[in-house]
Amino acid sequence: MIKKIIQEKIYNIFNKTFEGVSIDISDVDIVDSKKVEHGDYATNISMKYAKKLNMNPLQIAEKISNQLKSDTETFFDDVVYIKPGFINFKINSLIFNRILKDIYKNRERYGSGIKKNDKLIVEYVSANPTGYLHLGHLRNAAVGDSVCRILKFYGFDVQSEYYINDYGNQIKMLGKSLEVRVKNLMGENIEMPEDGYQGEYLLKVAEDFLLAFPDTTSLKSNNFEEFAKDYLLEEIKKDLKSLNIDFDNWYSEKEKIHETGLLEKTLNKLDNLNAIYDKDDARWIKTSEFGDADDWVLIKSDKSSTYFLSDIAYHEDKVNRGFDRIINIWGADHHSHVSRLKASMKSLGNSQTHFDFLMIQFVRLLKDGKDISMSKRSGQYTTIKDLLSLVNKDVVRFMMVTRSSDTHFDFDLNQCLQDSDENPVFYIQYANARINSIIKKSGVSELDINKMDIIESDKEIKLIKEIIGFEDAIKDSAQSLSPHKLTFYLQNLAKEFHSYYKSTKILNENQDQVMSRLVLITTIKFILSNGLQLLGASSPEEM
RNA sequence: GCGCCAGUAGCUCAGCUGGAUAGAGCAACGGACUUCUAAUCCGUAGGUCGGGGGUUCGAAUCCCUCUUGGCGCGCCA
């Protein structure tokens with residue numbers, strides 16, 4: 001909010017001072033000064049408009065800062081222009097105090113965006129219900145859930161969705177695999193097919209299957225498929241629950257696309273739009289005409305449909321459900337699907353809806369510097385259950401979003417098993433717990449902002465500036481779909497607090513001063529616990 | 001061969017819609033507990049931003065090119 005005020009001031013002065021040159025208010029960037037000598041905030045507007053004004057940036061800066069100095073009395077302590085053309089602002093501490101009070105009054109709502117009209121859908125995880133969730137899904141899940149929470153907090157109407165791939169070859173094979181395991185348990189010595197699901201987990205499913213169907217004589221393949229799929233989907237839901245993740249919608253491919261006739265409808269629509277053609281006994285979509293490198297098969301020569309056709313139908317359905325923005329969070333190994341899906345949507349004439357794709361790069365699990373993502377002995381992936389048995393859920397959630405999703409990420413077990421230094425989650429949680437402890441100790445039950453002393457110390461002003469930065473952190477994270485920005489912000493805020501804590505005794509005899517400090521740290525606590533919550537992590541009151 | 005992502009301090013990574021002397025955490029080194037939780041703090045050291053061109057007042061950031069690594073290029077999902 002403070003930047004907005006400065007922005008408007010400059011915008012107005014610019015218009016008054018330089019008539020004839022139109023300025024876009026969004027061009028007036030107000031940034032945090034990186035160095036103390038450069039004041040609190042700065043702008044580079046005079047360099048930006050030097051060419052348009054045909055003036056030396058320094059001259060422009062001079063004119064603007066002179067105006068700012070003359071027409072404001074209490075807002076700025078100082079306005080200086082410097083070398084290439086930057087204008088630096090030093091804000092009056094009374095302004096900071098006023099802002100702190102405003103923020104405190106908003107409590108946990110501080111940082112939230114104004115309500116936006118856009119309806120968003122975020123699809124993520126969407127792992128096939130043919131096995132347990134593993135490490136590869138984990139990052140996707142953590143990023144997806146955090147993105148949803150942040151977007152909601154930022155003011156969007158957000159729905160999260162899990163696309164259940166419960167139709168087609170994989171499910172058939174899953175059914176067959178379970179059948180083999182069940183028969184194995186009953187003493188039949190038959191082999192698992194080459195492309196069957198070899199994992200040991202199916203033995204457990206088979207055991208439970210026999211408990212549910214003791215009499216196997218009249219069973220059909222259908223029974224195996226349904227049982228295995230439902231069973232594993234439940235396990236997936238349990239795993240997600242243990243990560244503090246819940247979806248608004250569970251979208252069944254079978255029920256929503258195949259049993260409703262949506263697949264044929266979509267195919268017909270494409271056909272009517274002249275977007276498909278026949279070749280080699282198959283039906284192809286002309287994605288190459290809409291920006292993709294190749295055409296793709298929708299109907300195979302055996303007349304069955306491909307996964308891709310379902311995917312087109314699914315996204316056509318998302319569009320028809322009225323979403324303004326469709327966000328898909330996919331594994332990076334699916335990146336080629338982006339251009340072909342986009343091309344298909346274009347061929348269907350869906351140009352209004354905005355598509356975003358977040359590609360999640362691979363995660364490796366490191367222990368003692370070695371990659372243990374996949375157990376060499378059994379050929380099994382590390383599951384979410386495995387990992388959660390080793391590492392605290394909060395740590396997992398947080399660590400999984402600390403890196404930008406388009407870089408590879410090494411999850412270091414040694415680091416996460418530490419209780420201190422190396423572990424950023426505890427660092428933040430500890431700050432929160434410390435604040436809570438001080439509040440308790442103070443015995444002040446009701447904070448009164450009218451009894452506050454004026455905050456003027458450098459360290460405290462710095463903290464207020466950091467608090468103000470939360471709004472930007474949320475905005476940046478939301479707009480770029482990057483939860484990692486929030487993790488960096490929170491670590492920084494915690495750091496500033498710890499430093500302040502060490503340097504300043506918060507509780508003392510001066511009641512007004514204590515009150516102002518309590519308001520300050522309580523505001524930090526609101527942000528820390530809220531920020532952790534947005535990342536799916538908890539904020540214990542005591543540690 | 002084509003496409004996507006990445007290459008920044010010893011390690012893991014921010015910064016990338018161009019801005020001031022390139023940042024953080026860890027590791028290393030040196031300090032701080034009679035004081036609200038030392039799961040903490042303070043300080044030191046550490047860099048040809050993969051290489052080379054270009055664009056301009058100004059490039060880690062934009063363009064071109066080369067290079068290294070990961071991933072993808074099915075009538076699989």
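Every chain is numbered from 1, with letters handed out A, B, ... down the list of sequences. Values below: every heavy atom of this structure, side chains too, minus hydrogens, waters and symmetry copies.
- Applying a 4.0 Å cut-off to non-hydrogen atoms, the residues of residues 482-496 of chain A that approach RNA chain B are A/H484, A/K485, A/F488, A/K495, listed by residue number.
- For the ring pair (Phe, Tyr, Trp, His ring centres under 6.0 Å) test, residues two or more places apart in sequence or in another chain that qualify with A/H334 are A/H337.
- Between A/S499 and the phosphate of B/C42, there is a side-chain N or O to OP1/OP2 separation shorter than 4.0 Å.
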For residues 474-484 of chain A, please give each side-chain donor-acceptor pair under 3.5 Å, one per line with the distance, not counting sequence neighbours.
| residue | atom | partner | partner atom | Å |
| --- | --- | --- | --- | --- |
| A/S477 | OG | A/A473 | O | 3.0 |
| A/S477 | OG | A/S482 | O | 3.2 |
| A/S477 | OG | A/L486 | N | 3.3 |
| A/Q479 | NE2 | A/Y154 | OH | 3.2 |
| A/S480 | OG | A/D476 | O | 2.6 |
| A/S480 | OG | A/S482 | OG | 3.0 |
| A/S480 | OG | A/K485 | NZ | 3.4 |
| A/S482 | OG | A/S480 | O | 2.8 |

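- When the side chain to side chain contact (heavy atoms under 4.5 Å, CB included) test is applied to A/D302, the partners found at least two apart in sequence or on another chain are A/K300, A/S304.
- Aromatic pair A/Y49/A/F14: centroids less than 6.0 angstrom apart.
- Residues passing the ring pair (Phe, Tyr, Trp, His ring centres under 6.0 Å) test with A/Y167 are A/H258, sequence neighbours excluded.
- Residues of residues 500-513 of chain A having a heavy atom closer than 4.0 Å to RNA chain B, listed by number: A/Y501, A/K502, A/T504, A/K505, A/I506, A/L507.
- Nearest-nucleotide mapping onto RNA chain B: of A/E37 and A/S301, the residue sitting toward the 5' end is A/E37.
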Distances for protein N or O near nucleotides 54-59 of chain B N or O, under 3.5 Å:
| residue | atom | partner | partner atom | Å |
| --- | --- | --- | --- | --- |
| B/C57 | OP1 | A/K51 | NZ | 3.4 |

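- Annotation: side chain to side chain contact (heavy atoms under 4.5 Å, CB included) contacts of A/E466 (sequence neighbours excluded): A/Y489, A/N492, A/L493, A/E496.
- The phosphate of B/C76 has OP1 or OP2 within less than 4.0 Å of a side-chain N or O from A/K300.
- For B/A39, the base is not stacked against the aromatic ring of A/Y427, per a cut-off of 5.5 Å between centres and 30° between planes.
- A heavy atom closer than 4.0 Å to some atom of RNA chain B occurs in A/D280, A/A282, these being the qualifying members of residues 276-283 of chain A.
- Listed by chain and number, the residues in a ring pair (Phe, Tyr, Trp, His ring centres under 6.0 Å) with A/Y132 are A/Y201 (sequence neighbours excluded).
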Base contacts versus sugar-phosphate-only contacts with protein, heavy atoms under 4.0 Å: please encode nucleotides 2-12 of chain B as B, S and - from 5' to 3'.
-BBSS-----S

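- Mapping A/R340 and A/K83 onto RNA chain B by nearest heavy atom places A/K83 closer to the 5' end of the strand.
- Counting only Watson-Crick and G-U wobble pairs whose two distances sit under 3.5 Å, RNA chain B takes part in these stems of three or more pairs: B:1-7 with B:67-73, B:10-13 with B:23-26, B:28-32 with B:40-44, B:50-54 with B:62-66.
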